[in-house]
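Read the structure below first, then the notes.
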2 protein chains.
Amino acid sequence: MTAVATDLHTTAARRLAASGQRYTSSRRAIVEVLVRTQAPMTLPDILSADTTLAQSSAYRNLSELIAADVVHRIVTTDEHAHFELAEDLTEHHHHLICSSCGSVTDFQVPAAVEAELDRALGQIAERETFAVDHHRLDLVGRCQNCG
Amino acid sequence: MTAVATDLHTTAARRLAASGQRYTSSRRAIVEVLVRTQAPMTLPDILSADTTLAQSSAYRNLSELIAADVVHRIVTTDEHAHFELAEDLTEHHHHLICSSCGSVTDFQVPAAVEAELDRALGQIAERETFAVDHHRLDLVGRCQNCG
DNA sequence: CTCAGTGCAAAGGATTTGCATGCCG
DNA sequence: CGGCATGCAAATCCTTTGCACTGAG
């Protein structure tokens, strides 16, 4: 996984290239902010972390990054969407979503549970003729701060 | 569970009353549409299923129903939010979310898997000092129609 | 009577888009 | 040079809100 992190930018560049896009400095800046923060961020979060970014360009670049599977968009009940690096650039994980302040934190479950879950979900998908892209397991509640 | 379904409207009325609200005919109409459809619906879906409803009132009534825990709001990547009956009025279930057409379908997992999952999640919540309200397990992919 | 509920129209707010300019390849 | 990328401002679109009216208790 550390190897992946090392050339994360190379991977990002390659994926963008695959969709005929460039890995410009703005796009790289967004990815760097996400790497640095290590948590799903809203657009305002991203803009304040790097004030040189223009709002519309940030949204547009995020769209490209999402299309290229470099970034993933998380929807919560919060008014803003949250953005984070694609799972395969980090590690498979889940989210703790605070219904009070809207914050999103990552967590992982034991591999055994994850495997069991995948098996069960696989069967269901087959039964429902549904082509699974990925699963999403979140815990909704109140975070430490909102107690 | 069938008993619950029988006096679902009674339950809805009671819960609204608990928040000092009435179970008016519009609200009942919304609940009936949701019961009839048996699937999470968007606001346009609801309006076209019962054309006597006004848009703003529908939104307002849904808010009350959500506050009274009669209806639950599901957020997807789709532009519209989806609404469905609260889980305890139906049964604990999860969602198949189509990333192509945005449709949402229900499914359930074996009780054993569910129990195992709850156990694992409970430990995590404790470790993270997170007060879990509920968990959310969705499968994202392509539905039968979108192949 | 009173006050919650309703409907219309207008406002709000995150996200998207049009367009002229800048810059990489 | 040519076309993608950028930034500003304006437009979009789901959702919420203001306000006057209606109806149930």
Side-chain angles (χ1 to χ4, degrees), chain A residues 9 12-33 40-48 50-68 70-84 101-104, chain B residues 9 12-33 40-48 50-68 70-84 101-104:
Chain A
H9 292 296
R14 192 180 323 120
R15 293 195 185 172
L16 278 170
S19 3
Q21 304 289 329
R22 299 180 208 148
Y23 193 42
T24 64
S25 58
S26 306
R27 289 169 189 179
R28 187 183 179 110
I30 290 175
V31 170
E32 279 175 347
V33 166
M41 307 174 79
T42 64
L43 192 97
D45 289 344
I46 295 173
L47 293 185
S48 55
D50 186 331
T51 53
T52 66
L53 296 169
Q55 188 193 50
S56 65
S57 299
Y59 270 118
R60 234 182 314 229
N61 285 329
L62 281 166
S63 298
E64 293 301 343
L65 289 169
I66 290 167
V70 174
V71 168
H72 188 158
R73 178 184 187 146
I74 309 167
V75 192
T76 71
T77 35
D78 193 26
E79 49 212 355
H80 286 274
H82 288 68
F83 302 92
E84 70 176 356
C101 69
S103 72
V104 183
Chain B
H9 292 298
R14 193 181 323 121
R15 294 194 184 174
L16 278 171
S19 7
Q21 305 287 330
R22 300 181 206 146
Y23 193 42
T24 64
S25 59
S26 304
R27 289 170 188 178
R28 188 184 177 108
I30 290 175
V31 170
E32 278 174 347
V33 166
M41 306 175 79
T42 65
L43 192 97
D45 289 343
I46 295 172
L47 293 184
S48 55
D50 186 332
T51 54
T52 67
L53 296 169
Q55 188 193 48
S56 65
S57 299
Y59 271 118
R60 236 181 313 229
N61 285 328
L62 282 167
S63 298
E64 293 299 343
L65 290 168
I66 291 168
V70 174
V71 168
H72 187 158
R73 179 184 185 146
I74 309 167
V75 192
T76 69
T77 36
D78 193 25
E79 49 213 355
H80 286 275
H82 287 68
F83 303 92
E84 70 175 355
C101 69
S103 72
V104 183

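None of these values were measured; they are calculated from a predicted model. Here is how names work: the chains are called A, B, and so on, in the same order as the sequence lines, proteins then strands, and each is numbered from 1.
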- Message: Between the side chains of B/Arg28 and B/Glu32, is the shortest nitrogen-to-carboxylate-oxygen separation below 4.0 Å, so that they form an ion pair?
- Response: yes
- Query: Is there a side-chain polar atom (N or O) of B/Asn61 under 4.0 Å from OP1 or OP2 of C/dG5?
  - Reply: no
- Hey, are the side chains of B/Val104 and B/Asp78 touching, using non-hydrogen atoms and a 4.5 Å cut-off? no
- Using a cut-off of strictly less than 4.0 Å, decide whether B/His80 has a side-chain nitrogen or oxygen near OP1 or OP2 of D/dC13. no
- Is there a donor-acceptor pair under 3.5 Å between the side chain of B/Thr51 and the backbone N or O of B/Ser48? no
- Here the distance between atom P of C/dT15 and atom CG of A/Asp45, to the nearest Å, is 11 Å
Could you run down the sub-3.5 Å N/O contacts of the protein with nucleotides 18-21 of chain D?
residue	atom	partner	partner atom	Å
D/dG18	O6	B/Arg60	NH2	3.0

- Message: Nearest whole Å is fine: how far is D/dC14 C1' from B/Leu62 CG?
- Response: 13 Å
- Query: Any idea how A/Tyr59 and A/Phe83 line up, ring-wise: parallel (<30°), tilted (30 to 60°), or perpendicular (>60°)?
  - Reply: perpendicular
- Note on the structure: Separation of C/dT6 atom C1' from B/Glu64 atom CD, nearest Å, is 13 Å
- Message: From CD of A/Glu79 over to P of C/dA14, roughly how many Å is that when rounded to an integer?
- Response: 6 Å
- Message: At a heavy-atom distance below 4.0 Å, what parts of residues 18-33 of chain B sit against DNA chain D?
- Response: none
- Query: Within the structure, does a side-chain N or O atom of A/Tyr59 lie under 4.0 Å from either OP1 or OP2 of C/dT15?
  - Reply: yes
- Select one nucleotide: of C/dT6, D/dT15, D/dC8, the one nearest the side-chain heavy atoms of B/Ser57. C/dT6
- Measure the spacing between CE of B/Met41 and CG of B/Leu47 and express it to the nearest 0.5 Å. 9.0 Å
- Whole-Å distance between D/dT15 C1' and B/Leu65 CG? 16 Å
- Query: Can you check whether A/Val75 reaches B/Thr76 side chain to side chain, under 4.5 Å on heavy atoms?
  - Reply: no
- Test side chain to side chain contact (heavy atoms under 4.5 Å, CB included), reference B/Ile30, set B/Leu62, B/Thr24, B/Val70, output is B/Leu62
- Value in whole Å for how far the P atom of C/dA14 lies from CG of A/Leu47: 12 Å
- Message: Distance check, rounded to the nearest 0.5 Å: A/Ile46 atom CD1 versus A/Gln55 atom CD?
- Response: 11.5 Å
- For residues B/Asn61 and B/Leu53, determine if any side-chain heavy atom of one lies less than 4.5 Å from a side-chain heavy atom of the other. no
- Separation of B/His82 atom NE2 from D/dC14 atom P, in whole Å? 13 Å
- CG of B/Leu16 versus P of D/dG25: gap in Å, rounded? 14 Å
